[in-house]
Structures are given as structure tokens and as C-alpha cells.
Amino acid sequence: MKTVAKAEPRVPAWARSSRMIAIYSVVVGIGIWQLAYEGLARTPYFEAYAIQHFLASPLQVIETFGELYRSGELFRHSYFSLLEFAYGFVLSVVVGIPVGFLMATQKKINTCLDPWVSCIYATPRVALAPIIIVWFGLGIFPNALIVFLGAVFPILLNTYTGIKSVRQNLIELVRAFGGSPLQVFFKVMIPDATPAIIAGLRLAVGRAVIGVVVAEWFGAEAGLGYMVYFYSQLFQPGPVFVGIVVLVVFGILSFIALDKVQGWISPWYAYQVRREVHGMEME
Amino acid sequence: METPASKLVVRNLRKAFRSQRSEESVQVFEDISLEVHPSEFISLVGPSGCGKTTFLRILDGLISHDDGEILLDGKTVIKPGPDKGFVFQDSSLLPWRTVMDNVILGLELQGVDTREARRKAGGYISLVGLAGFENHYPHELSGGMQQRVNLARALIVDPQVLLMDEPFASLDAQTREIMQAELLKMWNQTRKTVIFVTHQIEEAIFLSDRVVVFSARPATIREIVKVSIPRPRSLSVKRTKEFLDLADRVWSIIQDEVLKSMGREREEGMR
């Protein structure tokens, strides 16, 4: 445990203040939103264009959040979405990591699967959602399948790249000291590929959240995506924004959780992963 | 049969690599024979690209050879194992492991209990002068310190022979000299048999009992130069006449070989 604490970067003064700047920035942004809304509400345009059906102020969003929370509606939708996310994501991990590993190490399997992976990866998965709903109907499992289709590829491809780029000199090192193939796998390949795999998991979280929303737009009886869609059809912006905010917070919390897992598995990589991930999220 | 006084015997070793382009095989070693005594310090020098490193890898069993035999303590070398310690040119430390956990790697691979391995590692970490750095990660160490870890990692398995592949090549000149002196000190304490590959002639002479000079490819042993400068040697012996004469001699042999190989390359280029 001591080593983990040691590898954690100590936050210098400037970083602390830049974190404060980030917080101020968000607070000020929300403040401007609130003031703009109230300013707009005093103009004749507000009534004329029925702005209250398109826009909600931050305070109204908080208020609506309270209502939805107390009525239990928010919990029901969140629970449904969370299940879809969890099933889809776990399935992505269970399929993506082993298949990525096999493709990286077995040339024949790679030759065989590569065209399929490339084709399905290139397919806009949103276009697959309606047909999956048609095949499997409404419910958690077809939606989880759509989540899976979005999330599995970042995991699979990053595992592939991670294993492919394991440093050969480290493999040779373990061999030179009489290590078995199994020891090479556990003591070099897995740890050296871990940062790339974790980066893939982070990308997959984003894709999975998109998958949840898309799946629920095409067919669902509950869920946060469903909630957003449903209330937008009723021209009630309050619950729409509540749904969006909950999805955002969920995404951010998942990132933080993955960072923790990373720090726990391999503290040394904390910096490197953060760099890699930021590079990849640009796309 | 070989005399029991030989630690390591190489007899009529041959090795060819198949070149991917021409389907022809390239002869790397032609009939190499060498006997190394226990506790002897041997250096291998030769023109660049003559296969010194490949030779060391064959001795370790990392690469197979075509013909001939290698005996360590009378037993044929087939594969890598704890009877040989390998010190790599780039330190090849596992970046996710502390100094301590890098040093115990060899023991861990043999299935030694981690706690016991760590207890044993303390002594070797002190031996290479890194006491107090046990919990540092490789990226927190200088190049010289990384090579010390590299060395401790090879020593802890208590190998019969230490195979060192240009371990100081990437260090700056000052650190390199210090490491040479320290290596001799450690060698005095442990009395391991060492095969040391280098391209620096003065490094080879300073460290070794004998300097083996390889010819250009296909490599054979061109000459074995005995270094009878008394031990313990300090860095100042590098300025004595005896030392400089030896360096001249080794250099002139290598120069011959380099010219020869350049001539052949030109011929091949014209073909």
C-alpha cells in the first residue's frame, strides 16, 4: 500500500489552483445560464415563443430532479439504464479482452476474424439498433446487446494493440531467466498491456453510455434515454436536462472509478494512461 | 574429455542465419572453440556486427546453434536457466516493479517464496551499491543505477556463469569508468565466471584475464590475448605502458578484420 501512495503524484500549488480555476469556470458557466434564462424570461419573446417548453434554468433542473427523485421515477429509469449498461459492458469485457488477445497472438485467428471486426467496426452501430429491436423486442437484453456492439470494439482493438506492443526485450528477459511461456504471459504481457487495455475500457464507457441512450430511443419502456426522449416529446425541458445531467455524472464517475482501478493495479502507469487516453479521446 | 578445470567449454560451434531476402543462409560462426576456467573473466571483442551478442545468446540457450556443443560444468546447455545469469545491454527492468521486485525476478521465476527472495535480495542490492533504493521504480533511477539493478538481478540467482552483453554501452564515459571499477570489486567478492561482450577495447583489457578477439563474419576466434596485469587493478592502470601496448595489439587485430569485412562488403555490393 505504501508504494501506491508513493506513486500518486503530489499536487503542486499551481495544479491546485488550476483545479480551482476549473471549478470556478463551471460555476460561472452555470451562473451565466441561470442569469440569461431569467433575463430572457423578462422579455416579451419568452411568452411569444413559449421558451419554457424548450429551455430550463439550472434551478428548475435541480427542482425537477427533486420531484423525479421523490416520485421514484428517476430511480426506475436509472436502474433500467444501469442494468443495460452493466450487462453490455461486462459482456464487452468478457468478449473483447480474450478475442483481442487471441487476435494479437494467433496469426490464423487474426486473419480469420480481422475482416469481420473491421466490417462491424465500420458499420454505424446506430443503424443496427432498429433491427436488433425488431429481432429481440423490447427489454433489457436487446438494449444490452446494442451497448455491447458499441463498447466491445475499443476494448478488443486496444487489447490487440496493447499485446502487440509488449516490449520484446522484457519477454526475452523473462525467457533468459528460465521463465515459462505462462510466466511470460502473466509477468510481462499482462502488465505491459494493462495501460492500453484500461485506455480501451475508458473509451468503451463513453461508447456504452451512447449505446444505452440510442437503444432506449428506438425501443424501451424505461431508462434515462427513454426519459429524455419521452419528455422532449412532451416539450418539458426540465426532465430532459435531468436525464442528460445524470448520464454525464454517471460517465464521469465511471472514468474516476477506472482511474482508481488503474492506480490500484499498476500505480506506475498513472501518468502514461492519462496521456494516452487524452490522445485517443480527441477522435 | 575436457579437464575438470574448465567451467565452460565451447566446441566447434557453428551457426547460420537464413536471410529472408535471398533465401541464402548467412554463416555467422564458423567453428568456434573456447575453454573458460572457473572464476575467469573473459571479454569478447571484435568488429561490429561479427556476432558477439549472438554468441552470448547462444551460450545462454536463448538462441539455438546448428552444430557443436556447449558444456557448462560438463552439462550440455540446451535452454536458459538459473545456472546462467544474463546482464542485458539495455537494463530491461520491468517498469512496473520496484528495484527490490526487479532483483528477485529470477528467484520468483524458479518458484522461490517471495518473502524469502526479498530477504536474500537485500544483500545483493547492497553489493551493487543501491541500499536505500529498494522501493524506487526504474524510471526514478539514473542509467548507471539501472545497470546496477540489472547486475544484482543476474547475481541473485547465483549463476555458474555471468553473461554480460555490453552492459555499460549506454552509459556516459564517467559513469562507465566507475561501473568498470565497481564491477571488478564485485567480481573480487563473488568470483563468478564472467563472459563480457564489449566493443570498447580498453574496457575489455581493464576487466579481463583474457580478451577473445573475434574475426569479421563468418566469425572465428582470431586470437586470444592474455592480460597479465596484476589484480586488484585500479583505473590508473589504463595509463601504464603495458596496458596501452595490449590495447594497441588488440586494436590492430580488429582493424585488420574491419578492413577485411569492408572489402568483402564492397565486393558484395558490386555483385
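Every chain is numbered from 1 and lettered A, B, ... according to where its sequence line falls, protein lines coming before strand lines.
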Legend entry - Side chain, backbone, both or neither of B:Phe88 within contact of chain A (heavy atoms, under 4.5 Å): side chain

Legend entry - Approximate separation, where rounding is to 0.5 Å, of B:Trp96 CH2 and A:Leu170 CG: 5.5 Å

Legend entry - CA sep, side-chain torsions, deciding dist, call: B:Arg153, A:Phe177, side chain to side chain contact (heavy atoms under 4.5 Å, CB included): CA-CA 10 Å; B:Arg153 179 177 61 190; A:Phe177 279 89; 4.0 Å; yes

Inset, instruction - Return yes when atom OH of A:Tyr79 has more than 12 non-hydrogen atoms of other residues, nucleotides or ligands closer than 6.0 Å, and no otherwise. - result: no

Legend entry - Choice from B:Asp60, B:Leu109, B:Asp90, B:Leu94 maximising heavy atom contacts with chain A below 4.5 Å: B:Leu109

Legend entry - Any A:Gln183 side-chain heavy atom under 4.5 Å of B:Glu108 side chain: no

Inset, instruction - For residues A:Ala176 and B:Pro80, report the shortest heavy-atom separation together with the two atoms involved. - result: O-CB, 3.4 Å

Legend entry - Segment of B:Leu105 engaging chain A (4.5 angstrom heavy-atom cut-off): side chain

Inset, instruction - Measure across B:Leu62 and A:Arg175 and return the closest heavy-atom pair with its distance rounded to 0.1 Å. - result: O-NH2, 3.6 Å

Inset, instruction - Work out which heavy atom in A:Leu173 is nearest to a heavy atom in B:Ser92; give both atom names and the distance. - result: CD2-O, 3.2 Å

Legend entry - Which of B:Arg57, B:Arg97, B:Gln110 touches chain A most, by non-hydrogen pairs under 4.5 Å: B:Arg57

Inset, instruction - Let me know if B:Leu93 has heavy atoms under 4.5 Å from chain A in its side chain, its backbone, both or neither. - result: backbone

